[in-house]
Amino acid sequence: MYYEEDFVEEVRQRSDIVDVISSYVNLKRTGSNYVGLCPFHNEKTASFSVSPGKQMYYCFGCGAGGNVFTFLMEYENLTFVEVLEQLAEKAGLELPHQSDSAADRRRRDLRDSVLEVNKLAANYYFSRLKSEKGKTGYDYLTGRGLTPETIVKFGLGYSDANLYRYVKSKGYTDQILKETGLFTYDEKRGPYDKFWNRVMFPILDRNNRVIAFGGRVMGDARPKYLNSPETVVFDKSRNLYGLNFIHGRQEGVIICEGYMDVIALHQAGFTNAVASLGTAFTSQHCSLLKRYTDLVYLCYDSDGAGVKAALRAIPMLKATGIRVKVIDMQPYKDPDEFMKGLSKEAFEERIREAKTSFFYELDHLKRDYDMQDPEAKTRFMNEVAKKCLTFDNEIERNNYMEAFAREYGVRLEDFRKLTAYHSARMVGIDYEKRIQGREQKDRKGSGEDGIAQSQGIFLTWLSNHPELFEKTKEVISVEDFVDEPYHQVAEMMYEQFYKEGAVQPAVIISRFQSKEEQSLVAGLFNKEIKELTRDEEQKKAVNEVIRSIKRYSLDHRSRHVTDMGELQHLIEEKKRLQTLQIML
């Protein structure tokens, strides 16, 4: 869904950032700003600053920053559109008229109707659990160790095969009910409940809307677990059971296989547990989890199927940039059995002892080789060396090589040579040359970082000292900010100043889509640098930063110019830089 920029800005202006953030963070006034403990990383000393004047926040500890939209997107793990619509509703603003095509209207109406029926069904199933017919289901749940509070928290229920009659009495047509996936339509029997004589597990999305159900049969019927089919509101590869209970960034998320595993862990206090929904773990699940954490604990069943599922999930999670550890459930099959057999403290110990995915994979790789056979052991070592090369970060790779050498009693120097041999073979060039090339690239990158730093510092000075716009306009302009996102920021700052007489940081932040860019831009407006004074040291600093930016800009333009006259002009400008002095 797309909303016009004017509407986005109106929502932002009506959503005071201090009011919004103070409902999540304990803020205290300090001068013109508010400070508190950062909600995005652990800290004991407040480094999280909220500026009512700039309508933005910035953490000097971890670098997180942005405006009111950024904060809610990051903290609540919502999309921009979800945040915008949420804030618009709180501000009493009516959403702009959406597409008026008949197809779009039908699609919206269908989604709304399916969600309404799902909500009715969840309430109906919940009410049936305490009925005479539902006693079997209630006894099953309490027999599995669930407390009444847990049953209420997860909205668990019981299906008695009378849902169809109930929702029909509410006026819904068969055309709508077919789309919910809750009913089966048979030419001979007519419509009837898909779920019956089952304990019901409502599946909620991040906005706590019921989007689907899972049902566990009472008795020996098959299948043991039955799940809703995919519908207009439910995509099982893009949702996780229990995710609606997770808010904000997590130090780690536990992934289980089943509903009861998640519920058992939540009841024990591990409220960061989720499970995939009757489907194999997917790359979409990985992308979804990345919004919540950088560390996942795999807590799959300890049987062969669970091991295969873990080995399949590990590379997908790592490809998304998520670190993976594997929790050992033995001698129990799953978290549900573990909690019944041991305790919360025992599970906490298993979390602390969880193996990194690297060593978990090695443990299972080793089973394919006879470690008493020199030839088989050599093949195993070769496979491990290749696996070490999957670490892009050299420090991390070296740490794992050292850990492997200690664990398996291998001489580290020998193992390094083996890894280097495979690296050279994989890349197709000499190993030492590859390292030298990387070092040259790193040196080049550090120079460019220095220029970026100069551009950032000067933009910070401009935002804090608007008088510099006029004092430097004959020397430096938007075109001199070559790198992104500094060029974009400079364009907006210069436009705002010369049109409106002031820079509005929160508006500028809104123009950037990714949270990384928004945090970087927020940092420009909150950079801790010395205040400008009229002494000679500060004049020198400003002139040096401007010369650095201008020199880089002229070099950049020189590399792309084709006209000799223009090239000569650039050379003359570069000479004048040596004597450049800006009067402050």
Side-chain angles (χ1 to χ4, degrees), residues 251-255 286 293-300 302 304 306-331 347-443 445:
E251 291 185 14
V253 171
I254 301 169
I255 302 180
C286 297
T293 189
D294 293 318
L295 171 63
V296 156
Y297 293 93
L298 290 180
C299 196
Y300 286 167
S302 57
V307 170
K308 285 183 180 178
L311 292 174
R312 183 178 178 276
I314 287 169
M316 288 191 289
L317 286 161
K318 290 173 70 174
T320 316
I322 295 176
R323 293 182 294 122
V324 186
K325 292 188 175 184
V326 184
I327 300 174
D328 180 15
M329 288 288 97
Q330 306 240 359
F347 192 77
E348 288 173 340
E349 182 67 21
R350 293 295 177 96
I351 291 177
R352 287 192 290 272
E353 295 174 350
K355 283 196 171 184
T356 64
S357 59
F358 178 78
F359 281 105
Y360 179 80
E361 289 177 300
L362 291 197
D363 285 348
H364 291 278
L365 177 65
K366 186 172 66 173
R367 296 176 186 180
D368 296 332
Y369 298 89
D370 179 2
M371 299 302 284
Q372 302 306 313
D373 178 2
E375 184 179 339
K377 187 175 181 179
T378 301
R379 291 202 308 272
F380 171 71
M381 295 294 176
N382 278 295
E383 290 303 314
V384 177
K386 293 175 187 176
K387 188 171 283 292
C388 285
L389 294 173
T390 62
F391 294 103
D392 292 328
N393 185 292
E394 190 168 348
I395 294 176
E396 184 180 23
R397 180 167 62 251
N398 286 332
N399 288 338
Y400 273 104
M401 289 167 66
E402 291 172 9
F404 172 76
R406 285 195 305 270
E407 181 83 11
Y408 284 81
V410 178
R411 271 182 24 104
L412 179 59
E413 189 58 35
D414 292 341
F415 188 61
R416 285 190 192 280
K417 289 178 180 177
L418 181 62
T419 307
Y421 166 74
H422 283 291
S423 175
R425 287 194 64 188
M426 289 169 65
V427 178
I429 59 173
D430 180 75
Y431 180 70
E432 290 299 327
K433 287 182 179 178
R434 185 169 65 87
I435 296 299
Q436 291 170 9
R438 182 186 301 155
E439 290 173 348
Q440 290 173 357
K441 182 179 179 181
D442 288 343
R443 285 195 294 272

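The residues of the chain are indexed from 1 along the displayed sequence. Values below: all heavy atoms of this structure, side chains included; hydrogens, waters and symmetry mates excluded.
For the atom pair CD (Gln330) and CZ (Arg350), the distance works out to 8.5 Å, reported to the nearest 0.5 Å. Here the CG-CD1 distance, from Asn398 to Ile395, works out to 8.0 Å after rounding to the nearest 0.5 Å. Once rounded to the nearest 0.5 Å, the distance linking CD of Glu361 with CD1 of Ile314 reads 4.5 Å. Between the OG atom in Ser302 and the CD1 atom in Ile327 there is a gap of 12.5 Å [rounded to 0.5 Å]. In this structure, CZ on Arg367 lies 4.5 Å from NE2 on His364, to the nearest 0.5 angstrom. Atom CG in Asn382 sits 9.5 Å away from atom OG1 in Thr419 (nearest 0.5 Å).
Nearest heavy atoms, Val324 versus Leu295: N-CD1, 4.4 Å. For the residue pair Ala376 and Tyr369, the shortest heavy atom distance occurs at O-CD2, 3.4 Å. The shortest heavy-atom contact between Tyr297 and Gly252 is CE1-CA, 4.3 Å. Taking both residues in full, the closest heavy atoms of Phe415 and Met381 are given as CE1-O, 4.0 Å, listed atom of the first, atom of the second, then distance.
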#### Entry: Candidate pair Phe404 and Leu412, rule side-chain contact (heavy atoms from CB on, under 4.5 Å), full reasoning
CA-CA 9 Å; Phe404 172 76; Leu412 179 59; over 6 Å; no
### Query
When you look at Leu418 and Val384, which way does the side-chain contact (heavy atoms from CB on, under 4.5 Å) test go after all the steps?
CA-CA 10 Å; Leu418 181 62; Val384 177; over 6 Å; no
### Task
Decide side-chain contact (heavy atoms from CB on, under 4.5 Å) for Leu298 and Tyr360; before the verdict, give the C-alpha distance in whole Å, the side-chain angles of both, and the deciding distance to 0.1 Å.
CA-CA 11 Å; Leu298 290 180; Tyr360 179 80; over 6 Å; no
### Message
Between Arg416 and Arg411, is the side-chain contact (heavy atoms from CB on, under 4.5 Å) condition met? List the steps.
### Response
CA-CA 9 Å; Arg416 285 190 192 280; Arg411 271 182 24 104; over 6 Å; no
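Phe359 meets the ring pair (Phe, Tyr, Trp, His ring centres under 6.0 Å) test with no other residue; sequence neighbours excluded. Residues satisfying the side-chain contact (heavy atoms from CB on, under 4.5 Å) test with Gln372, not counting sequence neighbours, are Asp370. Arg379 pairs by the salt bridge (charged side-chain N to carboxylate O under 4.0 Å, His left out) definition with Glu375, not counting sequence neighbours. Tyr400 pairs by the ring pair (Phe, Tyr, Trp, His ring centres under 6.0 Å) definition with Phe358, Phe391, not counting sequence neighbours. Residues meeting the salt bridge (charged side-chain N to carboxylate O under 4.0 Å, His left out) test with Asp363, sequence neighbours left out: Lys355.
The closest side-chain heavy-atom distance from Glu407 to Leu362 is not below 4.5 Å. Considering only heavy atoms from C-beta on, Phe380 stays 4.5 Å or farther from Asp368 through its side chain.
The salt bridge (Lys or Arg N to Asp or Glu O under 4.0 Å) pairs that include a residue from residues 311-328 number zero, where partners must be two or more places apart or lie in different chains.
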